[in-house]
Amino acid sequence: MARKAGSHADITGPAIRDAALRLFARSGYAAVSMRQIAAEVGVGAGALYLYTPDKQTLLFDLMHDHMTALLAAWDATVPVKGVALRLEQFVAFHIDFHIDRPDAVFLAYMELRNLTPKNFAAIETLRRAYEDRLEVVLAEGQDTGAFAIEDTRVTTMALIAMLAGIHVWYRDGGRLSRTRIQTLYRDLVRRTVSP
């Protein structure tokens, strides 16, 4: 189905995605209808299908874009020298990236259950790729004796879980600055892996 002449795909498409992200994060994927998303954007419900075939695809695309942006941003960092500093760099990166995207993080962690098996597998592959980035750092620290880790996979999952919830409670302008939060979490992580 072609768009009408004069339509603004570069405006409407992103507006639909932004509205879906907000609504899914606020009310949950299952509770949000395509009609609600359309109303939020100010278009007819039928217009949504010019931009996405269905709600499942919309959810998957939002999660996929978040995970690929996360991986690309980490891979674009210039690695610091020294495995302990690299671990600190990962912690600061993770906090910065996630604090600025609370709705996307909520979807990435809380709405996996609503993906089809095929879509779940694709997102889980991306999540595993991100976890693997951290596990590489931990394994290097384990191999060099810089870290005292019995199981790098378990430690990876524990650290990701510890870092994952910051976006829920942290607010800019609150009691602690973003820099202070990073310092506190770097210290927590350092103590977790120290020999």
Side-chain angles (χ1 to χ4, degrees), residues 1-3 9-10 12-41 43-77 90-91 93-139 149-169:
M1 180 183 279
R3 278 190 310 276
D10 56 333
T12 307
I16 289 168
R17 294 168 57 85
D18 290 345
L21 180 61
R22 277 192 315 277
L23 290 170
F24 291 162
R26 185 175 66 213
S27 303
Y29 170 81
V32 175
S33 69
M34 291 293 269
R35 223 174 261 293
Q36 287 173 288
I37 296 168
E40 184 84 5
V41 177
V43 297
L48 293 184
Y49 299 101
L50 298 173
Y51 299 93
T52 185
D54 52 42
K55 191 169 79 160
Q56 174 66 202
T57 302
L58 192 51
L59 176 65
F60 172 77
D61 288 347
L62 290 168
M63 289 180 158
H64 185 270
D65 289 354
H66 171 73
M67 291 306 303
T68 55
L70 175 64
L71 286 163
W74 173 250
D75 290 346
T77 62
F90 183 92
V91 170
F93 165 83
H94 185 94
I95 290 169
D96 268 348
F97 191 91
H98 288 79
I99 281 177
D100 292 332
R101 298 163 178 83
D103 290 347
V105 175
F106 176 85
L107 288 189
Y109 285 94
M110 301 306 294
E111 294 294 350
L112 286 167
R113 66 186 181 270
N114 284 308
L115 291 172
T116 63
K118 178 182 173 185
N119 287 344
F120 178 88
I123 298 302
E124 192 61 21
T125 297
L126 293 171
R127 286 168 56 102
R128 180 63 188 248
Y130 182 66
E131 293 159 2
D132 288 349
R133 274 32 173 214
L134 174 56
E135 191 169 4
V136 165
V137 175
L138 295 175
I149 299 172
E150 185 174 334
D151 186 303
T152 58
R153 188 72 194 150
V154 169
T155 306
T156 296
M157 300 309 291
L159 294 180
I160 292 285
M162 182 174 75
L163 294 168
I166 294 172
H167 75 281
V168 173
W169 56 265

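Since the structure is predicted, the reported quantities are computational estimates derived from the model, not experimental observations.
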Under 3.5 Å, side chain of [X] to main-chain N/O of [Y], donor-acceptor pair present?
X	Y	value
R17	G13	no
Q56	N114	yes
H98	H94	yes
T52	Y49	no

Of the non-hydrogen atoms in [X] and [Y], which two are nearest, and what is the gap between them?
X	Y	value
V41	A15	CG2-O, 3.6 Å
A20	L62	CB-CD1, 4.1 Å
M63	L112	CE-N, 3.6 Å
D54	M34	C-CE, 4.1 Å
A45	A38	CA-CB, 3.6 Å
L23	V32	O-CG2, 3.4 Å

So, do [X] and [Y] sit near enough that their side-chain heavy atoms are less than 4.5 Å apart?
X	Y	result
R133	E135	no
I160	M157	no
L159	M162	yes
L58	I37	yes

Task: Ion pair D18/R22, N-O distance below 4.0 Å - done: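 No, D18 and R22 are not salt-bridged.
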Open item on the list: Looking at D96 and R101, is there a salt bridge between them, counting it only when a charged N and a carboxylate O are closer than 4.0 Å?
Closed with: no
Open item on the list: Determine whether the aromatic ring centres of residues F106 and H66 are separated by less than 6.0 angstrom.
Closed with: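 Between H66 and F106, the centre distance exceeds or equals 6.0 Å.
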Open item on the list: For F90 together with Y130, are the ring centres under 6.0 Å from each other?
Closed with: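 They qualify: ring centres under 6.0 Å apart.
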State the [atom1]-[atom2] distance between [X] and [Y], to the nearest 0.5 angstrom.
X	Y	atom1	atom2	result
K55	F24	NZ	CZ	6.0 Å
H64	D61	NE2	CG	8.5 Å
T156	L134	OG1	CG	4.5 Å
I166	I99	CD1	CD1	6.0 Å
T155	L138	OG1	CG	6.5 Å
E131	T152	CD	OG1	12.0 Å

Task: Heavy-atom neighbours of R153 CZ exceed 12 at 6.0 Å - done: yes
TODO: Establish, yes or no, whether the cationic atom of R127 lies under 6.0 Å from the six-membered ring centre of Y109 and within 45° of the ring axis.
DONE: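 Relative to the ring axis of Y109, which defines the angle, R127 lies inside both limits.
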TODO: Kindly indicate, with the supporting measurements, whether the criterion ring-ring contact (aromatic ring centres under 6.0 Å, His included) is fulfilled by W74 and F93.
DONE: CA-CA 7 Å; W74 173 250; F93 165 83; 5.2 Å; yes
